[in-house]
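Below: the structure, in structure tokens.
Note that the coordinates shown come from a computational prediction; the quantities given were computed from them, not determined experimentally.
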Amino acid sequence: MLPTPLSNAFRCEFSDAGSVANYFHETHGASAVFANIDSAAYNCNLDDLDSVIAARVRANPKPGKKLYSVIMKDIIMSRLQIALAKVHKADAVLLIACVLQEKLEEFMNLCTLVNMPFIVECHTPEEVGVAIENGAGIILVNRVDRVTGILHENQGEAIMDKMFPNKGAGGFVLLATGGIRGIEEARDLLSIGYDGVVLGKAVVGVSHEKVEKLAKSIVDGGGDFNLDEASEWE
């Protein structure tokens with residue numbers, strides 16, 4: 001894997017997304033993988049999603065049982081993107097609250113209508129509130145403000161304190177992401193009630209030993225997110 005700075009973006013370039021996904025599952029216990037198809041920002045496309053789905057099938061010793069969940073990650077703004085996720089056999093899609101804004105409810109309803117599980121990414125308590133009101137089963141709290149690109153290190157805790165004072169979501173899965181670079185940050189988020197964490201830069205461009213240590217600590221000390229189980233709660 002090769003991290004490539006481009007303006008303020010951070011890219012990871014590799015020849016086979018499927019092999020990378022299987023590696024993180026088999027070696028580091030990843031229970032879900034986000035397959036990015038955003039060509040403009042990350043130089044990815046649907047071939048990467050297809051690669052991950054195909055690799056999971058090849059590595060699966062038990063037909064019918066998914067080794068890990070595959071979520072299609074894109075800046076979803078069109079109904080066609082939901083259809084593409086369905087056609088390409090993604091297990092779920094990522095709906096970003098600050099992108100969809102007033103259309104978030106519409107896209108959540110569309111996903112429900114076509115039986116496409118979804119994760120709602122939120123940055124503010126208000127976005128979390130809208131997601132909950134409209135029946136979100138899985139919420140991903142991003143500590144990075146996508147509008148400004150600024151990391152708010154205490155955002156995960158602030159949302160938990162304001163929205164979930166009992167230190168637990170209750171009835172749905174709550175995940176955290178955004179600038180999580182080490183074991184302590186991950187453990188802190190898990191300890192205050194998050195069910196899991198989504199890692200990006202923390203596992204790109206670092207040694208396998210560091211990734212293994214981080215992943216093992218998270219799996220041993222926190223929840224093990226499984227999309228199939230979470231979907232039953234919706």
All N/O donor-acceptor pairs, side-chain side in residues 92-110, below 3.5 Å, sequence neighbours left out:
from	atom 1	to	atom 2	distance (Å)
Q101	NE2	C98	O	3.2
E106	OE2	R79	NH2	3.4
N109	ND2	E105	O	3.3

Sequence neighbours left out, what passes side-chain contact (heavy atoms from CB on, under 4.5 Å) with H152? Give chain and number order. H123, D145, I150, Q155
Rounded to the nearest 0.5 Å, what separates atom CE in M72 from atom CG in D91? 12.0 Å
State the OG-CZ distance between S69 and R56, to the nearest 0.5 angstrom. 7.0 Å
Quick one: closest heavy-atom pair of A35 and V52, and the distance? CB-CG2, 4.3 Å
All heavy atoms of M160 vs all of G193, minimum pair found to be CE-C, 3.6 Å
Identify, with sequence neighbours excluded, every residue that meets side-chain contact (heavy atoms from CB on, under 4.5 Å) alongside S78. L80, Q81
Closest heavy-atom pair and its distance - D195, F172: OD2-O, 3.9 Å
Who are the ring-ring contact (aromatic ring centres under 6.0 Å, His included) partners of Y68, not counting sequence neighbours? H25
Shortest non-hydrogen contact from I37 toward N45: CG2-O, 3.5 Å
Euclidean distance, S31 OG relative to F24 CZ, rounded to 0.5 Å: 13.5 Å
Among all residues two or more places apart in sequence or in another chain, which pass the side-chain contact (heavy atoms from CB on, under 4.5 Å) test with A131? V120, C122, A136, I139
Separation between CG of D74 and CG of L84, rounded to the nearest 0.5 Å: 9.0 Å
With N36 via side-chain hydrogen bond (donor to acceptor under 3.5 Å, both in side chains) - residues at least two apart: none
Working for side chain to side chain contact (heavy atoms under 4.5 Å, CB included), residues N115 and K86: CA-CA 9 Å; N115 193 28; K86 192 77 175 177; 3.8 Å; yes
Between A59 and N22, the two heavy atoms sitting closest are CB-ND2, 3.5 Å
Rounded to the nearest 0.5 Å, how far apart are OG of S39 and CG of D48? 10.5 Å
Should D38 and C44 count as side-chain neighbours, where that means a heavy-atom distance under 4.5 Å? no
Taking side chain as C-beta onward, heavy atoms only, is I82 less than 4.5 Å from F118? no
Run the side-chain contact (heavy atoms from CB on, under 4.5 Å) test against K89 and tell me which residues pass, sequence neighbours left out. I53
Quick check against the 3.5 Å criterion: does D16 have a side-chain atom that pairs as donor or acceptor with the backbone of G18? yes
Mind jotting down which residue pairs meet the salt bridge (Lys or Arg N to Asp or Glu O under 4.0 Å) criterion with at least one end in residues 112-124? Sequence neighbours excluded, please. E121-R146
Nearest 0.5 Å, what's the CG-CD1 distance between L174 and I138? 11.0 Å
When every non-hydrogen atom of V130 is compared with those of N134, the smallest separation belongs to O-ND2, 2.8 Å
Can you name the ring-ring contact (aromatic ring centres under 6.0 Å, His included) partners of H88, sequence neighbours left out? none
Can you tell me which residue pairs pass the salt bridge (Lys or Arg N to Asp or Glu O under 4.0 Å) test with a partner in residues 128-138, sequence neighbours excluded? none
By salt bridge (Lys or Arg N to Asp or Glu O under 4.0 Å), E185 pairs with (sequence neighbours left out) R143
Remaining members of hydrophobic cluster (4.5 Å side-chain criterion), L151: V144
